[in-house]
Amino acid sequence: MTLQDQWELLEKTIRGYNPTADFAQIRAAFELAERAHEGQKRKSGEPYITHPVSVAQIVAEQRLDSESIIAALLHDVIEDTPVTHEEVAKQFSPTVADLVEGVSKLTRIQYASKEDEQMENLRKMLIAMSKDIRVILVKISDRLHNMRTMEYQSPEKQKLKSMETMEIYAPIAHRMGMQRAKWELEDLSLKYLDPVGYTEIVSRLESKSHEYEAFMNRTQIQIDDRLNELNIPHIVYGRMKHPYSIYRKMFNQNKGLDEILDLFAFRVIVDGVGDCYNVLGVIHDLYKPILGRFKDYIGTPKPNGYQSLHTSVIGPDGLPFEVQIRTREMHEIAEYGIAAHWKYKQNGQGEGSEGRYEWVRRLLENQEGADAEEYIHSLKIDMFADEVFVFTPNGDVQNLPAGATPIDFAYAIHSAVGNRMVGAKVNNRIVTLDYALKNGDIVEILTAKNAKGPSRDWMKIAKSSEARSKIRQWFKKERKEENIGNGRAAFESELKHMGLTLKDVTAPEVLNAVLKKMPYGSLEEMYAAIGYGGFTAQKAVSRIQGELQRLNRSQQTEQQLLDAAENKTKEETASAPVQKRVKSEQGIIVEGLDNCLVKFSKCCTPVPGDKIIGFITRGYGVSVHRCDCPNASEEKRSRPGQEGRWINVSWGTDTNDNYPTLLEAVCKDRSNLLLDISAALSSTNTYVLGINTRNTEDGYAVCRLEIRVKDEQQLQTLMNKLHQISGVLSVSRPAG
């Protein structure tokens, strides 16, 4: 499909449900995205612009408003092109700019662990969602198109992105009620996570497609005929369960495909709620119902707004199948979730149903004081686990994760109820606090004013992150001294177990480095966190061990470098030829040493072709400077205690494809200046990390470019191009 065909399909889709959409602004967004992404390609070789247009198409198929479609078209421009938040806000609206920024890929920074990084990324996503739920609707559409085109990525990236999709994006789609997107995300992820299992299921379903279609056609006609006889207006259709749903049942129940009974599901869509219950009676009259397989999600909706009647029956052929009965509105919500009823006024002020998505706020609150690994684990339970529906003695419904206990129920009611709990009754009978609640249970919490508060064992019993978070908060507030004492004892015990002592940790160079790896400002704060359950002694010691090993290696490397520098001086004094190593690190040859840790100084950002010199840092190998950098001046090299730390380095023949560096352009401020600079960057195939501009009081603009280049020659070509732009007065490389 050509780009023009894509655009026409998008326009047709929008006109189909929203003829009054702001097509002028949508077209302007398309044109801006096309200009901004000019010259960029996807892994498939297609122009990059095809991706945002495809994402906008998915958003339009969810029938979202004009702002969401504009944000979808522009969702990568702030991060991947010179276009700024301010430009988007000025041309479209601040709301659109905020949406684009919320959807933009999250900046990767170095975290102590993968869990910490994932937790931070999730936190940012949840914050963006809490401000405007449309952020996640566009984000899921973005991920869906990326998964549809994942075949062009490397096998490693396919698995990485598929796992992230399965663990994060599919559960969020589930909680948003977006079943259609959830199913497709799951199936596409399974395709790369277990290609053998996926192919086996799909090929088996295809081999029996004629047999299955015949069964579904017969059953559909039977239901259709009976409802027509009773004059009940309806739509009925059947479908196969999607591959991941079948795969999960096979895996969980250890069954082959032939042993999976409910491969088929039929939907009956009617006009009103009363008709739903009438149709249920008709289905149970036509077919034999399976006991215990009826669920009324109309009377008790799921937390994501899903409503339907579910019943499982056995057909005349002896094959079991599921029937879902719902109204048209329920069907829209079941397919598209919040997108089905998300409406905006003309001025952009939301009148959607954010209230029912209060779980976003709760997930944000529950991360407080939580260890990253536990938070990620509990998040998956909160978002993806099946729910149980239980009742208060007054008949109010509470939904909790499957396996929830009276402790979870008490804290779902209120923190004070949980903190004062001394026991629980279920269906008017006393139960233990680890009792697993079941659908329909009536739960009464027994409290006492003089209760001692929660027990530490409750943390192991509670299933929901909300309950554990509130228990942690109680211990954090009420038992600070006790937490510090317990935390220190646990920490020292774990140190002893690993053959370490507290002295090994409290050495200044170790302690400072260790605390940087943890979200605590002091050992006392860390002890308190271990004491109230926000962190574990095992993890603390594990990170300390890693830091001790790193420091030990760094000290050895530093001494080797100093020895190499000293030998070089002796050889030069003896007029002996200097022997250079041919093996390089990151394209840098360090004189006298192989496999040396190398980093490029941020003050002058050298690139291949620059004259360079190395400085032996304490604990971090060799820092490479340009020779003209103020921090590498002759004066600084000759300072007492410094002269022995400077060492000769040179560029090897195996330099990397690109190196980060900086350019600064001073220009006369004018309109379209950034577009001209963007064109120069694109024409020289320069990868842009970031652009920052500021205006001076005398009408000039200073533009700072963070870029990646292959070598000094490419950098010089770009500088020449920038010099040729009208209004550019000077282009320089900042140093120092």
Side-chain angles (χ1 to χ4, degrees), residues 561-562 564-565 568-569 572 578 580-581 584-593 596-618 620-667 677 680-681 684 686-694 696 700-725 728-736:
L561 285 165
L562 290 169
K568 177 203 73 167
T569 305
E572 286 174 349
V578 179
K580 286 192 176 181
R581 302 276 185 173
S584 70
E585 282 292 322
Q586 298 187 65
I588 295 293
I589 297 171
V590 178
E591 188 173 271
L593 200 69
C596 173
L597 182 65
V598 168
K599 68 172 185 174
F600 296 96
S601 63
K602 293 182 180 178
C603 55
C604 57
T605 57
V607 298
D610 289 332
K611 290 183 179 179
I612 51 177
I613 191 166
F615 180 75
I616 302 167
T617 61
R618 286 185 169 83
Y620 292 97
V622 172
S623 178
V624 179
H625 293 258
R626 290 187 352 229
C627 286
D628 61 353
C629 176
N631 291 325
S633 64
E634 288 293 340
E635 180 193 348
K636 291 204 173 181
R637 292 187 216 174
S638 59
R639 283 181 179 174
Q642 297 287 309
E643 64 274 5
R645 289 187 169 270
W646 292 96
I647 190 168
N648 288 339
V649 295
S650 58
W651 296 103
T653 55
D654 54 346
T655 54
N656 298 340
D657 287 341
N658 53 61
Y659 290 82
T661 191
L662 296 171
L663 284 181
E664 195 167 88
V666 179
C667 325
I677 291 174
L681 291 165
T684 53
T686 303
Y687 187 86
V688 181
L689 296 172
I691 294 181
N692 184 273
T693 60
R694 59 182 174 83
T696 63
Y700 290 97
V702 179
C703 186
R704 193 177 180 91
L705 309 175
E706 295 178 51
I707 56 177
R708 285 184 177 272
V709 294
K710 184 175 177 60
D711 51 30
E712 194 265 345
Q713 185 178 349
Q714 183 188 354
L715 185 63
Q716 194 58 53
T717 302
L718 172 61
M719 292 175 73
N720 292 339
K721 284 268 187 186
L722 293 172
H723 270 299
Q724 294 167 15
I725 294 173
V728 174
L729 304 176
S730 67
V731 182
S732 60
R733 296 178 67 186

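No experiment lies behind these values; they were computed from the predicted model shown. Any value given below was found using the heavy atoms of this structure, including those in side chains, with hydrogens, waters and symmetry copies removed.
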Trace of the side chain to side chain contact (heavy atoms under 4.5 Å, CB included) decision for Leu718 with Ile707: CA-CA 11 Å; Leu718 172 61; Ile707 56 177; 3.6 Å; yes
Sequence-distant partners of Arg704, salt bridge (Lys or Arg N to Asp or Glu O under 4.0 Å), two or more places apart: Glu664
Test side chain to side chain donor-acceptor pair (under 3.5 Å) applied to Asp711 - qualifying residues, sequence neighbours left out: none
Enclosure of Gln716 CD (heavy-atom neighbours >12, cutoff 6.0 Å): yes
Approximate separation, where rounding is to 0.5 Å, of Met719 CE and Glu712 CD: 8.5 Å
Straight-line distance of Glu634 CD to Cys627 SG, nearest 0.5 Å: 9.0 Å
Value rounded to 0.5 Å, distance of OG1 in Thr686 from CG in Leu705: 9.5 Å
Heavy-atom donor-acceptor pair, Ser633 side chain to Cys629 backbone, under 3.5 Å: no
NE2-CG distance between His625 and Asn631, expressed to the nearest 0.5 angstrom: 6.0 Å
From OG1 (Thr605) to CG (Leu662), nearest 0.5 Å: 4.5 Å
Side-chain heavy atoms of Phe615 within contact of Val624, under 4.5 Å: no
4.5 Å side-chain heavy-atom contact, Ile589 and Val649: no
Heavy-atom pair of closest approach, residues Pro734 and Ser732: CD-O, 3.5 Å
Salt bridge present between Asp610 and Arg733 (N-O < 4.0 angstrom): yes
Any residue meeting side chain to side chain contact (heavy atoms under 4.5 Å, CB included) with Thr693, in chain and number order, not counting sequence neighbours: Leu674, Ile691, Cys703
Side chain to side chain, Trp651 and Ile612, heavy atoms closer than 4.5 Å: yes
Straight-line distance of Thr661 OG1 to Arg626 CZ, nearest 0.5 Å: 6.5 Å
Tyr659 vs Pro608 side-chain heavy atoms within contact, under 4.5 Å: yes
Side chain to side chain donor-acceptor pair (under 3.5 Å) against Asn692, all qualifying residues, sequence neighbours excluded: none
Residue list, salt bridge (Lys or Arg N to Asp or Glu O under 4.0 Å) with Glu635, at least two apart or on another chain: none
Close side-chain approach of Ile588 and Phe600, heavy atoms under 4.5 Å: yes
Val590 and Ile647, any side-chain heavy atoms less than 4.5 Å apart: yes
Donor-acceptor under 3.5 Å (Gln714 side chain, Thr684 main chain): yes
Residues forming a side chain to side chain contact (heavy atoms under 4.5 Å, CB included) with Tyr687, sequence neighbours excluded: Leu689, Arg708
